[in-house]
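Have a look at the structure below before the remarks.
Both backbone and side-chain heavy atoms feed into the values below; hydrogens, waters and symmetry mates do not. For clarity, every value in this text was computed on a predicted model and none was experimentally measured. Note that the numbering runs from 1 along the sequence shown for the chain.
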Amino acid sequence: NPMEIGIGLDPTLRLSWDEQRTVVKEAAALGYASAWSNSNATGRDALHVCAQWHAASGLATGISVVPAPAWSPATLASSAATVADLTGGRFSLGIGTGGSYTEAFRRSYGLPELPPITTMRDYLAIVRGLLAGERVDHDGKVLSLRGLQLAFKPPPVPVYLGALGPQMVRLAGEAADGASLNWCSAGQVAWSRERLNEGAARAGRDPGSL
């Protein structure tokens with residue numbers, strides 16, 4: 001498959017709305033395929049940002065990644081579904097642990113200490129189920145939800161798992177639409193692809209679909 005290149009605009013750039021619109025329009029004219037934000041709890045809401053970018057440029061947009069433990073799964077799914085609806089299905093959601101493995105992050109958000117792999121497994125099951133329009137009953141080790149369904153069915157929303165370690169990358173292969181990598185050399189990307197394939201095989205999924 002041909003490589004697609006996206007542009008990333010970090011909130012710490014502190015661009016105004018007009019500056020952001022100008023940049024994504026220029027990116028579209030230069031042939032970039034997508035525009036990506038990350039979720040910064042003290043910056044503009046990344047979901048609204050993605051909707052604005054698409055409206056300005058027509059580019060596919062995505063977040064890589066939302067620190068999922070800071071959100072309820074249902075609220076995150078509803079918000080992501082809304083952006084997918086606004087962009088005609090040109091939105092991808094990345095979720096990850098954020099800094100929830102650190103005491104400072106947990107203290108900032110008032111979160112208990114949670115096992116990261118188990119937590120993200122539950123988030124993926126609930127969020128992906130809701131985004132697929134399903135009525136979700138999930139009894140997880142960390143998160144549970146009973147009989148909840150979005151009031152509308154959005155266009156398909158790929159959900160990527162922010163993953164670097166072997167267990168998290170395997171979980172992406174088992175339960176996400178793919179892995180969102182960061183700080184990786186080419187060798188680490190190849191290594192991650194192998195772990196992703198292992199997770200897919202464990203779940204009986206086609207690795208080529210991820």
Minimum side-chain heavy-atom gap [X]-[Y] below 4.5 Å:
X      : Y      : answer
Arg135 : Leu148 : no
Val23  : Ile7   : yes
Val49  : His54  : no
Val142 : Arg121 : no
Ile95  : Leu93  : yes
Met168 : Ile117 : yes
Val127 : Leu130 : no
Lys141 : Pro115 : no

Donor-acceptor under 3.5 Å ([X] side chain, [Y] main chain):
X      : Y      : answer
Thr82  : Ser78  : yes
Asp122 : Gly140 : no
Asn38  : Val65  : no
Arg205 : Gly173 : yes

For the student: nearest non-hydrogen atoms of [X] and [Y], plus distance:
X      : Y      : answer
Ala125 : His138 : CB-CE1, 3.6 Å
Ala176 : Leu124 : CB-CD2, 3.9 Å
Val157 : Phe91  : CG1-O, 3.9 Å
Cys184 : Val189 : CB-CG2, 3.9 Å
Gly6   : Trp36  : CA-CD1, 4.5 Å
Gln20  : Leu15  : NE2-O, 3.1 Å

Atom pair [atom1]/[atom2] of [X] and [Y] - distance to nearest 0.5 Å:
X      : Y      : atom1 : atom2 : result
Ser72  : Leu143 : OG    : CG    : 9.5 Å
Asn197 : Arg170 : CG    : CZ    : 11.5 Å
Ser39  : Asp45  : OG    : CG    : 7.0 Å
Cys50  : Gln52  : SG    : CD    : 10.5 Å
Leu131 : Asp177 : CG    : CG    : 9.5 Å

Using only heavy-atom distances, determine whether the side chains of Thr12 and Asp10 contain a donor-acceptor pair under 3.5 Å.
yes
Joint hydrophobic cluster, [X] plus [Y], side-chain heavy atoms closer than 4.5 Å:
X      : Y      : answer
Leu30  : Ile5   : yes
Val169 : Met120 : no
Leu171 : Leu114 : yes
Leu161 : Ile63  : yes
Tyr160 : Leu59  : no

Applying side-chain contact (heavy atoms from CB on, under 4.5 Å), run through Trp71 and Ser79 and close with a yes or a no.
CA-CA 11 Å; Trp71 291 68; Ser79 297; 3.8 Å; yes
Derivation of the side-chain contact (heavy atoms from CB on, under 4.5 Å) call for Leu76 and Val66:
CA-CA 9 Å; Leu76 181 55; Val66 172; 4.0 Å; yes
For Arg195, is there an ion pair with Glu198 - N to carboxylate O distance below 4.0 angstrom?
yes
State whether Glu134 and Arg128 are salt-bridged, where the test is any N-O pair (Lys NZ or Arg NE/NH1/NH2 against Asp/Glu carboxylate O) under 4.0 Å.
no
Is the CZ atom of Arg14 crowded by more than 12 outside heavy atoms at less than 6.0 Å?
no
Dump the intermediate steps for side-chain contact (heavy atoms from CB on, under 4.5 Å) on Leu9 and Trp53, then the final yes or no.
CA-CA 11 Å; Leu9 296 176; Trp53 288 353; 3.6 Å; yes
Quick one, Arg44 with Trp17, criterion side-chain contact (heavy atoms from CB on, under 4.5 Å). Give me CA distance, side-chain angles, the key distance, then yes/no.
CA-CA 10 Å; Arg44 295 184 180 94; Trp17 281 120; 3.4 Å; yes
